[in-house]
Every structure is written in structure tokens, then in C-alpha cells.
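Heads up: the structure comes next, in C-alpha cells.
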Amino acid sequence: ILNVEQSPQSLHVQEGDSTNFTCSFPSSNFYALHWYRWETAKSPEALFVMTLNGDEKKKGRISATLNTKEGYSYLYIKGSQPEDSATYLCAFIPYGGSQGNLIFGKGTKLSVKP
Amino acid sequence: GAGVSQSPSNKVTEKGKDVELRCDPISGHTALYWYRQSLGQGLEFLIYFQGNSAPDKSGLPSDRFSAERTGGSVSTLTIQRTQQEDSAVYLCASSEGLAGGSTQYFGPGTRLTVL
């Protein structure tokens, strides 16, 4: 059974703090990793699709890195704002499957206090 | 443009009844996915359609679950003889191509409650 772990489970920060969290996945059979943000009462929103070892992606104050050899990805948020409060999900796609079967972690729930 | 839409947004049903959940993907997207999130759990893959290929049904939890995609567009997820453990948020997503390199766009979900 392929397992995707996210840590921490939840995080409370003050507005302006920078923060980061981790997604761990099997290092063998890697095909792709996705990051999503899921705000309460909304649909999950795609942040990044990462496919290459060493990939670094950036979108505004949010960035992500990927290490496929050791099986982890970090998501960074610089200068957190209350609107960043959401659950951040990563999803792993193994090589050789149908490529439609995303294996999601349980997410990191971020709360940013003004 | 229009995003992925799902209906109904909420469904309350009695144990043993059948339910149908509908998903309208983004026009032109060839791939369509169904997931569910049960209380306290992560998103769980259910089924994936890609173009005219046979769907990947490997995530369907039992034979009470089935899904079809008509005309390469709208999809219906059917749960027969619902059980309380089927209570969850059911999410649909679509993408332009294969999930590996393609961003998935999610609908707002259907919250199913089985009494």
C-alpha cells in the first residue's frame, strides 16, 4: 500500500510569519506530485504540479520544492496572511499506474491569526 | 469560463436507498475523476475516466458503487443500497489530459449523509 504522509497535521501561525510543511511519499516509482489548497466551503484549488527531481515552483508568496530521491516535498509560505488559512494537500502519482489514481495525504491545516 | 459543477450540493438519504451524484466537467477536458472524503480521512480516489479508454475503477470500495460517463462529458456516480459508512463529501475533478502532468480542477462537492 502506497502511503503519503503530511506533517504537521495542523499549524497555527501569526500574520506575517513564514511557515513550511512537508509531504513524504515513496521514493521509488515516482511520476508526479501535486499540491492543492482547500479552503473551507470551497473546492480544492491546484497550486503546483511537480514532476522533476529538484523542481522548484513559485506562485506569489507560496513556493514548493521536490526531492524524488529521498521522497519529500516542502511547501513554503512567506509572510502568511489570514487568507492563507486552508488545508494544504499533496497528492502522489506513482509511475506505471493509470496516472489517474492520485494518492492524497491527509493534509496540513493552516490557521493564520491576524 | 465555467468550472466543474456538481449536483446536488447536499443529499440526505435513508440507509438502503440508491443515490445518484452528477458531475459536469470543464468543457473539453478529457479526464474526469471521482474522489470522496470521509470524516477525518484524506481524499480517497474512486474512479478515473480518460477519453474513450476503459475507466480505472480500482478505487471503488464495493460493487454497490458504479459510475458512468456519457458522451465523454457528464458523469454520474451511483451508490446502491447506501450504508452509513458511505456518508462523505464526494468530489469530482477534471483535467485536460493525464493526471500526471495536468492540473485537476475540482467541483464544489456533494455532501452525502446516510441516516
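In what follows, chains are A, B, ... by sequence order, proteins preceding strands, each numbered from 1.
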side-chain contact (heavy atoms from CB on, under 4.5 Å) between Leu43(B) and Tyr36(A), worked out
CA-CA 11 Å; Leu43(B) 274 175; Tyr36(A) 293 88; over 6 Å; no
Under 4.5 Å from any heavy atom of chain A, what part of Gln37(B) do you find: side chain, backbone, both or neither?
side chain
When only heavy atoms count and the cut-off is under 4.5 Å, which of residues 106-115 of chain B reach chain A?
Phe106(B), Gly107(B), Pro108(B)
For Ala46(A) and Thr103(B), which heavy atoms make the closest approach, and how far apart are they?
CB-CG2, 3.1 Å
Treating Ile, Leu, Val, Met, Phe, Trp and Tyr as nodes and any side-chain heavy-atom pair under 4.5 angstrom as an edge, say whether Phe25(A) and Met50(A) lie in one connected cluster.
yes
With rounding to the nearest 0.5 angstrom, report the CD to NZ distance, Gln41(B) to Lys106(A).
4.5 Å
Part of Leu32(B) lying under 4.5 Å from any heavy atom of chain A
neither
Is there side-chain contact between Pro44(A) and Leu91(B), with at least one heavy-atom pair below 4.5 Å?
yes
Max heavy-atom pairs within cutoff under 4.5 Å with chain B, candidates Ser43(A), Ala41(A), Gly105(A), Ala91(A), goes to Ser43(A)
Grouping I, L, V, M, F, W and Y whenever their side-chain heavy atoms are under 4.5 Å apart, do Leu46(B) and Ile103(A) come out in a common cluster?
no
Heavy-atom distance under 4.5 Å between the side chains of Tyr48(B) and Leu102(A), does that happen here?
no
same_hphob_cluster(Ile62(A), Leu66(A)) at 4.5 Å side-chain heavy-atom cutoff:
yes
Separation between NE2 of His34(A) and OG of Ser102(B), rounded to the nearest 0.5 Å:
7.5 Å
Give, as side chain, backbone, both or neither, the part of Leu89(A) having an atom under 4.5 angstrom from any heavy atom of chain B.
side chain
For the CD atom on Glu15(A), are there more than 12 heavy atoms of other groups (residues, nucleotides or ligands in this structure) within a distance under 6.0 Å?
yes
Please look at Tyr105(B) and chain A and tell me whether the side chain, the backbone, both or neither of the residue comes under 4.5 angstrom of a heavy atom of that chain.
neither
Does CD belonging to Glu85(B) count more than 12 external heavy atoms closer than 6.0 Å?
yes
Group every Ile, Leu, Val, Met, Phe, Trp and Tyr by side-chain heavy-atom contacts under 4.5 Å, then state whether Leu77(B) and Val19(B) land in the same group.
yes
When you group the ILVMFWY residues by side-chain heavy-atom contacts below 4.5 Å and let the links chain together, are Leu60(B) and Tyr35(B) in the same group?
no
Does CD belonging to Gln83(B) count more than 12 external heavy atoms closer than 6.0 Å?
yes
Close side-chain approach of Phe104(A) and Phe45(B), heavy atoms under 4.5 Å
no
